[in-house]
Amino acid sequence: MVATPAWPPRSLPRLFVEAALSEGAAVSVEGSGANYLANVLRLKAGDALLLFNGRDGEWLARIVEPGRKRVTLTIAQATREQETVPDLWLAFAPIKKGRVDWLVEKAVELGVARLLPVITERTIVRDLNLERMRSHIVEAAEQCGRTALATIEAPARFGDWLAARPAGRTLYFADETGGPPFGEAIRPGPATILVGPEGGFTPDEAARVRAAPGAVPVSLGPRILRAETAALAAVTAWMATAGDW
Ligand code: SAM
């Protein structure tokens, strides 16, 4: 028996919209979204695509009017429930432009729920273009099939962030100076992974994290990883052990 191909085909274009989504609703897309649909994809009236807004799951939509500046659509039917994203946050010291963009994009694909830029003593990049980060988050979610968007907070000073952390979350502290193997330390439950900047943590910062409630220093192996490699290696290990892989 030939398996019926999954429907809707995963090849349908996927677009994030802010609008509420429900069966029969009319949605209009303007600006860059309209340009993408009308001028890049050259979609015509009747063509189908997938919409999601980060709240209401994913929906099949059809083009009604493919205007160059404004595209109107109608919502046909639900295609996927709103997902529950594994409760993993990634606290990271911002790194150079390009590398931080890559880190954010990969963290979204891997399933991170929340991104927390933390300014440590040796952090070189002190300001982060959150608008650019948010557009990477949306694009990565469109590409990888997420129905929930990851969120990114404004950069926080290390001490403030460490003190203000919510209770009940294990803080896996990626410590290049050593600790138990991460794979053996992971346990179920809400978690935050903390990764330092290219220059690493100062001894004082490392001591303060180690003393923090719920903190678990972990090793990511015998080699020194770049910050973005460490972040994604740790997220991967957590997702495979305590996440939704
Ligand atoms: N300047 C540090 C040094 O030379 O030892 C390296 C810092 S590393 C480029 C950036 C961050 O990645 C570290 O602060 C740590 O959070 C994480 N990291 C890199 N390799 C690691 C490892 N083998 N185990 C645990 N964490 C690691």
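Count residues from 1 along the sequence. Read the numbers this way: they start at 1 and go in the same order the structure lists the ligands and their atoms. Computed from a predicted model, the values in this text were never measured in an experiment. Computation of the quantities below employed the complete heavy-atom set of this structure, encompassing side-chain atoms and omitting hydrogens, waters and symmetry-equivalent molecules.
The distance from ligand 1 to the heavy atoms of Val218 drops below 4.0 Å at these ligand atoms: 25 (C). Numbered from 1 in the order shown, with element, the atoms of ligand 1 that lie under 4.0 Å from a heavy atom of Arg223 read 20 (N), 22 (C), 23 (N).
Listed for the Arg122 side chain is a donor-acceptor partner under 3.5 Å among the backbone atoms of Gly199. Between the Gln82 side chain and the Thr147 main chain, a donor and an acceptor come within less than 3.5 Å of each other. Judged by distance alone, the side chain of Arg210 and the main-chain N or O of Val216 form no donor-acceptor pair under 3.5 Å.
Counting protein heavy atoms only, atom 11 (C) of ligand 1 is closest to Gly196 O, 3.6 Å. Nearest protein neighbour of atom 9 (C) of ligand 1, counting heavy atoms only, is Leu225 O, 3.2 Å. Of the protein's heavy atoms, Ile224 CG2, 4.4 Å lies nearest to atom 4 (O) of ligand 1. The single protein non-hydrogen atom nearest to atom 17 (C) of ligand 1 is Ala230 CB, 3.5 Å, given as residue, atom name and distance. Here the heavy atom of the protein found nearest to atom 10 (C) of ligand 1 is Pro197 O, 3.1 Å.
Residue Glu176 holds the heavy atom nearest to atom 14 (O) of ligand 1 of all those in Glu198, Glu205, Glu176.
Among the atoms of Leu220, some N or O lies under 3.5 angstrom from an N or O of ligand 1. At least one N or O atom of Ala174 sits closer than 3.5 Å to an N or O atom of ligand 1.
Salt bridge Glu109/Arg146: absent, no basic N to carboxylate O contact under 4.0 Å. The residues Glu30 and Arg70 are annotated as salt-bridged, a charged nitrogen and a carboxylate oxygen being separated by less than 4.0 angstrom.
A perpendicular orientation is assigned to the rings of Phe173 and Phe201, their planes being inclined by more than 60° (bins at 30° and 60°).
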